[in-house]
A.B. asks: 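Here you go, one structure.
Counting starts at 1 for both ligands and their atoms, in listed order.
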Amino acid sequence: MEREVEKLQAAYFDLRGKTALITGGASGLGKATADRMLRSNANVVIADFSDAGQKVADELDSKYSMSCKFIKTNVTKEEDIAAAVKLAVDSFGSLDILVASAGIGGDNNAIADETLANWEKVNAVDYTGVMLADKHAINQFLKQGTGGAIVNLASMFGLVAVPSNIAYSAAKGGVVNLTKAAGTAYADKGIRVNCVCPGVINTPLVPEEAKQAYRDLHPMHRIGEDFEIASIITFLCCENARFITGAAIPVDGGYTSV
Ligand SMILES: NC(=O)c1ccc[n+]([C@@H]2O[C@H](COP(=O)([O-])OP(=O)(O)OC[C@H]3O[C@@H](n4cnc5c(N)ncnc54)[C@H](O)[C@@H]3O)[C@@H](O)[C@H]2O)c1
């Protein structure tokens, strides 16, 4: 099993000459994607609210020949996003890839119990934060005139609902349609925007008891691993995926198909 995983992780996607900005790159899917992109020969900037991002970036920087930098970023603040894009361009000469992975789960409130505070907090990070990151990356892509690729982290709960978490369901559904609008607006300029819709994945975002409960709800009778999402994100950002834009791609072990 371990060798099989190593083999899967070693599959190479060519990102030579590219610079990637990864929001939420200090943990979980963003961190796994940073690792995969550095391995694929991209330089990476991790933009995360958590100070742990510095240690993650330092470790990845010494693990690979490509460079990894960290900038403390709150994705709900437009000036922070602008600074993260600037750091990527000042450090590496261009921005070619954005992965918008910063996200929170919020409180498990069905709509009758929702509070305005939770709604606004979740939507600020999971929805508005994605819009702001996409906006600034696309403006940089347009300035460069060389196209670009964005992958937003939606969720399978953007395709089907989770009734016990109204804010997350709504925000992720919003990300799916935001992706379709952004991914078609500049398609003729070589700017592609897609989103992945993961099933439940083994990351710190998901409480242990929820992981257990969700296993049997997936047709594969397991939850996903971070590298299984990171590889699809990395593929979507490489040239082999150049005819894919505005797509919402489930990576959920079949959850949304039944
Ligand atoms: N893990 C799953 O099962 C799963 C499934 C579907 C979708 N997703 C989505 O994937 C994305 C990544 O999830 P994960 O599992 O890696 O979670 P995670 O908790 O491991 O990582 C999320 C990262 O986002 C950062 N973050 C949170 N708020 C931020 C803010 N305001 N500004 C900047 N950074 C902020 C956190 O510090 C953390 O490093 C999220 O959007 C999540 O909704 C996760």
A.B. asks: Exactly which residues line ligand 1, taking a heavy atom under 4.0 Å from it as the test?
C.D. replies: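 Residues within 4.0 Å of ligand 1: Gly24, Ala26, Ser27, Gly28, Leu29, Asp48, Phe49, Ser50, Thr73, Asn74, Val75, Ser101, Ala102, Gly103, Ile104, Val125, Leu153, Ala154, Ser155, Tyr168, Lys172, Pro198, Gly199, Val200, Ile201, Thr203, Pro204, Leu205, Val206.
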A.B. asks: Give a yes or no answer on whether the side chain of Arg222 reaches the backbone of Gly253 with a donor-acceptor pair at less than 3.5 Å.
C.D. replies: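 Answer holds: no.
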A.B. asks: Parallel, tilted or perpendicular: which fits the ring planes of Tyr255 and Phe157, with parallel below 30° and perpendicular above 60°?
C.D. replies: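 Because their plane-to-plane angle is over 60°, the rings of Tyr255 and Phe157 count as perpendicular.
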A.B. asks: Counting distance only, does the side-chain N/O of Thr203 pair as donor-acceptor with the main-chain N or O of Leu205 below 3.5 Å?
C.D. replies: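 Confirmed, Thr203 side chain pairs with Leu205 backbone.
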A.B. asks: Determine yes or no for a side-chain-to-main-chain donor-acceptor pair under 3.5 angstrom, with Thr23 supplying the side chain and Ala102 the backbone.
C.D. replies: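 Flag set: sc Thr23 to bb Ala102 pair under 3.5 Å.
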A.B. asks: Judged by modelled atom types alone, do Asp48 and Ser50 share a side-chain donor-acceptor pair under 3.5 Å?
C.D. replies: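 No, no side-chain donor-acceptor pair sits under 3.5 Å.
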A.B. asks: Verify the distance criterion only: is there a donor paired with an acceptor across the side chains of Asp35 and Tyr64 at less than 3.5 Å?
C.D. replies: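 A donor-acceptor contact under 3.5 Å links the two side chains.
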